[in-house]
Structure formats: structure tokens, C-alpha cells
Amino acid sequence: MDRRDFMKTGMAMGGAALATGGGTLAAARAAAQTADLSFPKDFLWGCATAAYQIEGAVKEDGRGLTNWDVFSHTPGKVANGDTGDIACDSYHRYKDDIALLSDLGVKAYRMSIAWSRIFPEGRGKVNQKGLDYYNRVIDALLAAGIQPNVTMFHWDLPQALPGGWQNRDTAKAFADYAGFMAGKLSDRVHRFMTVNELRCFTDLGHMVGIHAPGLKLPPAQVNQVRHHGVLAHGLGVQAIRAHAKAGTEVGIADNASIFVPVIETPEHIEATKKAMRDENAMFLTAVMEGRYIDSYLASAGADAPKVQAGDMAAIGSPLDFVALNIYTPTFVKADASDPRGYVPLPHLPQSPRMASPWLYVGPEAAYWGVRAASELWKPKAIYISENGTSADDTLNPAGTVDDGDRIMYLRNYLGQFRRAAAEGFPLKGYFLWSLMDNFEWADGYGKRFGVHYVDFATQKRTPKLSARWYKELIRRNALV
């Protein structure tokens with residue numbers, strides 16, 4: 001009996017119990033209390049962070065300037081004039097942060113490498129002090145029994161690279177850097193993610209202009225930047241495989257747009273999967289299918305990206321896993337009158353959301369993101385590389401944070417992730433965003449995503465109530 005059959009049997013038994021009357025209400029309650037809320041036995045629990053958001057030490061030990069250093073120091077670009085110059089000072093305090101991970105009981109940590117600590121100019125001469133730093137971090141993680149999961153690029157691009165992501169050569173420079181690091185780390189790191197959130201470092205930085213480098217390019221140039229982003233991923237996969245030890249797993253961490261059927265009926269479910277494929281055509285769909293689908297090319301027309309021979313084969317390089325950053329959904333309904341066959345429903349002023357204006361609450365995104373990716377592309381494994389929420393956390397008189405809103409968010413989303421795992425989809429692990437409050441890009445330090453409160457004046461870390469909740473969930477390997 002597989003998990004799906006088990007669930008059907010359980011529901012049928014519950015329904016029969018309720019139908020018999022008499023003392024069945026008490027029996028139903030007892031059954032509910034003993035219901036299986038567990039995750040698979042080998043499920044990997046972790047936390048996630050990113051280099052520029054936590055490390056600080058931007059001018060130490062040979063680190064080169066990045067696009068985010070320049071952007072955050074440009075007046076008006078980041079809330080309150082905040083920068084990542086110090087952030088959580090994790091460059092100096094990484095042992096303290098590993099102790100936080102150990103206390104939670106996580107078995108994995110998703111971290112990123114600051115490209116400019118390794119190659120200050122983006123390519124060329126290696127900065128040994130930067131490499132030494134990451135060796136120390138990884139060795140300390142392993143000594144604590146925590147598996148490092150390394151993201152090669154989490155938005156902090158070496159400023160010295162001419163033209164940034166507008167230049168095709170940046171994709172090649174990334175591959176050289178990724179291959180080099182895989183060769184240095186894969187004796188201890190067994191899972192690498194190439195790039196984080198294609199849509200953010202391309203569109204938000206080059207079309208919307210709210211992230212580094214703060215550009216608002218015309219459509220053809222935006223599409224070319226997107227192409228360079230997915231090309232960097234693909235060339236990076238090839239370079240990692242060429243230099244890493246045998247058995248190393250390679251994937252991507254992407255914030256694909258997640259769609260949810262407004263009603264779980266066959267026509268709305270099919271519309272949801274079509275939306276997932278179409279709306280991610282320039283990013284995850286291209287990566288998983290090794291081509292730009294016809295609807296995307298038709299809509300782009302003369303603005304379609306210029307593709308060179310071999311590009312799509314590289315972009316579609318087979319992956320060992322897909323990692324998804326899942327926060328918020330878009331609900332979809334089937335509509336035969338629309339040429340797409342579906343219509344995304346807009347978020348409404350009264351739609352529930354968290355502290356960040358973009359973070360609309362929809363736990364169903366957790367299930368449907370995993371299911372749609374699984375059914376569309378059949379990945380070998382799926383990890384949730386980010387999920388979490390901002391909140392307007394403040395210390396109470398006792399000096400702690402009772403973040404019931406974050407626990408509500410996490411409990412509901414994890415319930416939906418558990419549904420996906422219970423139905424047999426290949427969900428293997430979960431990295432909570434984030435271990436601690438940090439530099440939240442254009443929002444500066446005003447939005448707090450951590451399960452540990454950081455006093456940025458003193459750098460004191462304080463576990464929030466959500467940290468205790470997550471610790472208990474990990475201990476039980478079940479919803480709590």
C-alpha cells in the first residue's frame with residue numbers, strides 16, 4: 001500500500017466512523033489526535049542564508065566590490081540608507097551562527113559563496129584568504145554534524161565584470177568560478193545550487209530597477225539579460241560536473257512563479273500547470289526543457305533573446321534536483337475564452353499578507369509548487385530552498401519575541417509541503433528562510449525574516465518563539 005492508498009483508506013475509515021453515530025465523535029477526536037503528521041524518515045531539515053545578507057566584512061581579506069555594495073551606497077536605493085557593510089557580521093561570528101543551527105537540530109545549512117571573495121575581479125587571480133574563510137566555515141559545519149548546501153551565486157555580482165549581466169561573458173566567468181569552487185569544496189560539499197532566483201537578479205535588477213544594478217531596460221535587453229542568467233546556470237552545471245568529485249549533486253534554487261487552482265477540479269488543475277509552464281518560460285521552463293517554448297518566443301517577437309549554438313543544450317543540462325523558493329501564490333482559473341486557456345486572479349486589497357507588501361499568504365502554493373513541478377518536468381528530487389516570512393518583530397519586556405504570526409505562516413505552509421510528501425512527490429528537504437534577521441535587500445533591515453532576532457547594534461542573537469517551534473518540529477519530524 002503506497003501513501004496515496006493509505007490516505008484514501010484513512011479518510012474512508014474516518015467517514016465511516018462519523019456515520020455510525022453514538023460515541024463516534026469522541027472516537028473521531030481520538031483518531032485525529034493520533035493522526036500521522038510526520039514527514040518521511042529521511043527528510044532533510046535545514047535553514048538558509050546568503051552571503052551579502054549576513055557576512056558583512058565587505059572590505060576585509062581581499063574581498064572585491066560587488067554590485068550590491070555600489071547599489072546600497074547609492075542614495076535612495078535602499079530603505080533607511082542601509083547597506084550590507086556589517087549585516088550580521090557573520091564573517092566573524094560564523095561559529096556563533098553554527099551554534100544556533102546546532103541548537104535547532106537541523107542537519108543541513110544552505111549558504112552562499114561570495115563570488116568576489118574568491119575572485120575579487122570576477123575572474124583571474126584567486127584570493128586565497130576568501131577560499132580559506134569558506135573552508136573554515138564548511139569544516140566547522142561538518143564538525144557540528146551539519147551538511148553544507150552551497151549556492152554559488154545569490155545576487156552579489158563582482159562589480160569589476162564589464163557590463164554585468166548585460167554581457168554574455170559574465171555567464172562564462174560564472175562557470176569558471178563555479179567550476180573552481182566545486183573542485184575545492186566537493187570533497188566535503190555534496191550538493192551545489194548554481195544560482196538563486198533568476199527572476200530577481202534579472203528582472204528586478206534590469207527591468208523594474210528596484211534591485212542592483214537598478215536599471216530599467218527595454219524588453220529586448222531584459223530578455224537578453226534573462227538569457228545570460230539561464231546560460232550562466234547551464235554553463236555552471238557543466239563546470240561543476242567537470243570539476244567536482246563523483247557523486248556530487250547539482251541543481252538550481254529558483255523562485256518560479258507558483259500557481260494554485262482556484263478549485264481543485266481537472267480543468268482548473270490543468271490550467272494551473274499550463275500557467276506554471278508558460279509564466280516561467282524564460283526561466284525554470286527553459287532550464288527543465290532545454291528550449292524556449294513557442295508561446296514565449298511568439299509573445300517576445302522581435303525582442304526575443306539572441307541565442308547562440310549550444311546555448312540551449314547547456315541551459316537544459318540534466319539536474320540532480322530542483323530547489324524551489326516558495327512564498328506566495330497566484331490563483332488561477334480555467335478560461336476557454338482566453339487564448340492562454342487560463343486567467344490568473346489578481347491579489348485584492350483585502351488579500352491576507354505578511355509584513356512585506358509582496359508576501360501574500362497562500363499555503364496551497366507549497367503543495368502546488370511541488371506538484372506542478374513534479375508533474376511537468378519529473379525532477380529526480382525537489383528541495384524547498386527557501387520558505388518563510390517577514391514580520392514586524394519587536395522584543396517584549398522579557399527580551400524575547402513571541403512571533404505567533406510567523407508560526408502560523410510556517411505551520412500552514414509546512415502542512416501543505418507534508419501533503420506533497422505524503423502523496424509521493426519527490427520532496428526531500430526544507431530550508432527555512434531564515435536562520436536570523438539580516439539585510440533584506442532593498443528593504444534594508446526593516447523586514448525581519450529570521451527565527452533568531454538580531455540586534456544590529458550589538459549583534460546579539462535571540463531565539464524567537466518560532467525557533468523553539470521549529471526545533472520541536474525537527475525533533476518530532478512532524479507538524480507541531
query: Will you find, in the side chains of Asn149 and Arg191, an N or O donor that is under 3.5 Å from an N or O acceptor?
result: yes
field: Asp338/Lys333 salt bridge by N-O under 4.0 Å criterion
entry: no
message: Surrounding CD1 of Ile86 (heavy atoms of other residues, nucleotides or ligands, distance under 6.0 Å), is the total greater than 12?
response: no
message: Quick one, Arg241 with Asp320, criterion salt bridge (Lys or Arg N to Asp or Glu O under 4.0 Å). Give me CA distance, side-chain angles, the key distance, then yes/no.
response: CA-CA 11 Å; Arg241 292 206 191 285; Asp320 298 298; 3.0 Å; yes
message: Around atom CD of Gln166, are there more than 12 heavy atoms from other residues, nucleotides or ligands closer than 6.0 Å?
response: yes
message: When you compare the side chains of Glu60 and Tyr133, does any donor N or O come within less than 3.5 Å of an acceptor on the partner?
response: no
- request: Decide if the gap between the ring center of Phe39 and the ring center of Tyr430 is smaller than 6.0 angstrom.
  value: no
task: Kindly determine whether Tyr94 and Ile54 satisfy side chain to side chain contact (heavy atoms under 4.5 Å, CB included), including the steps that lead there.
output: CA-CA 10 Å; Tyr94 68 89; Ile54 68 165; over 6 Å; no
- prompt: Without hydrogens or angle criteria, can the side chains of Tyr91 and Arg63 be said to hold a donor-acceptor pair below 3.5 Å?
  reply: no
message: Go through it in stages, so that I can follow the logic: the residues are Phe439 and Tyr445, the test is ring pair (Phe, Tyr, Trp, His ring centres under 6.0 Å), and I'd like the CA-CA distance, side-chain angles, deciding distance and then a yes or no.
response: CA-CA 5 Å; Phe439 177 79; Tyr445 297 100; 5.5 Å; yes
message: If you apply the rule salt bridge (Lys or Arg N to Asp or Glu O under 4.0 Å), what do you find for Glu289 with Arg277, and how did you get there?
response: CA-CA 10 Å; Glu289 300 185 21; Arg277 185 170 181 258; 2.8 Å; yes
- prompt: Looking only at side chains, do Asp69 and Gln159 share a donor and an acceptor under 3.5 Å apart?
  reply: no
field: Stepwise salt bridge (Lys or Arg N to Asp or Glu O under 4.0 Å) test for Asp393 and Lys464
entry: CA-CA 9 Å; Asp393 298 317; Lys464 302 176 188 177; 2.6 Å; yes
task: Give a yes/no verdict on a cation-pi contact between Arg371 and Tyr367, requiring under 6.0 Å between NZ or CZ and the six-membered ring centre and an angle within 45° of the axis.
output: no
- prompt: Taking Phe174 as the fixed residue, which of Phe180, Trp115, Phe119 is the one that meets the ring-ring contact (aromatic ring centres under 6.0 Å, His included) rule?
  reply: Trp115
task: May I ask you to say whether Asp61 pairs ionically with Arg117, meaning some side-chain N is under 4.0 Å from a carboxylate O?
output: no
Donor-acceptor contacts under 3.5 Å from residues 297-310 side chains, at least two apart:
unit_1: Ser299; atom_1: OG; unit_2: Ser295; atom_2: O; d: 3.2
unit_1: Ser299; atom_1: OG; unit_2: Tyr296; atom_2: O; d: 2.8
unit_1: Gln308; atom_1: OE1; unit_2: Arg168; atom_2: NH2; d: 3.4

- prompt: Taking the inter-plane angle between the rings of Tyr52 and Trp68 on a 0 to 90° scale, is it parallel (under 30°), tilted (30 to 60°) or perpendicular (over 60°)?
  reply: tilted
- request: Identify the residue among Phe283, Tyr292, Trp165 that makes a side-chain contact (heavy atoms from CB on, under 4.5 Å) with Arg226.
  value: Phe283
- prompt: Can you find a side-chain donor-acceptor pair between Asp97 and Ser90 that sits under 3.5 Å?
  reply: yes
message: Suppose we call two aromatic rings close when their centres sit under 6.0 Å apart. Are Trp155 and His211 close by that rule?
response: yes
- line: One should read off an interatomic distance between Ile407 CD1 and Ser466 OG, to the nearest 0.5 angstrom, of 6.0 Å
task: Taking only Lys NZ, Arg NE, NH1 and NH2, and the carboxylate oxygens of Asp or Glu, determine whether Lys274 and Glu270 approach each other closer than 4.0 Å.
output: no
task: Starting from the C-alpha separation in whole Å, work towards a yes-or-no answer on ring pair (Phe, Tyr, Trp, His ring centres under 6.0 Å) for Phe43 and Trp45.
output: CA-CA 6 Å; Phe43 199 78; Trp45 294 106; 4.7 Å; yes
field: Derivation of the side chain to side chain contact (heavy atoms under 4.5 Å, CB included) call for Ile293 and Asp278
entry: CA-CA 8 Å; Ile293 59 177; Asp278 289 0; 3.7 Å; yes
query: Quick one: does Tyr470's side chain get under 4.5 Å of Leu432's, heavy atoms only?
result: yes
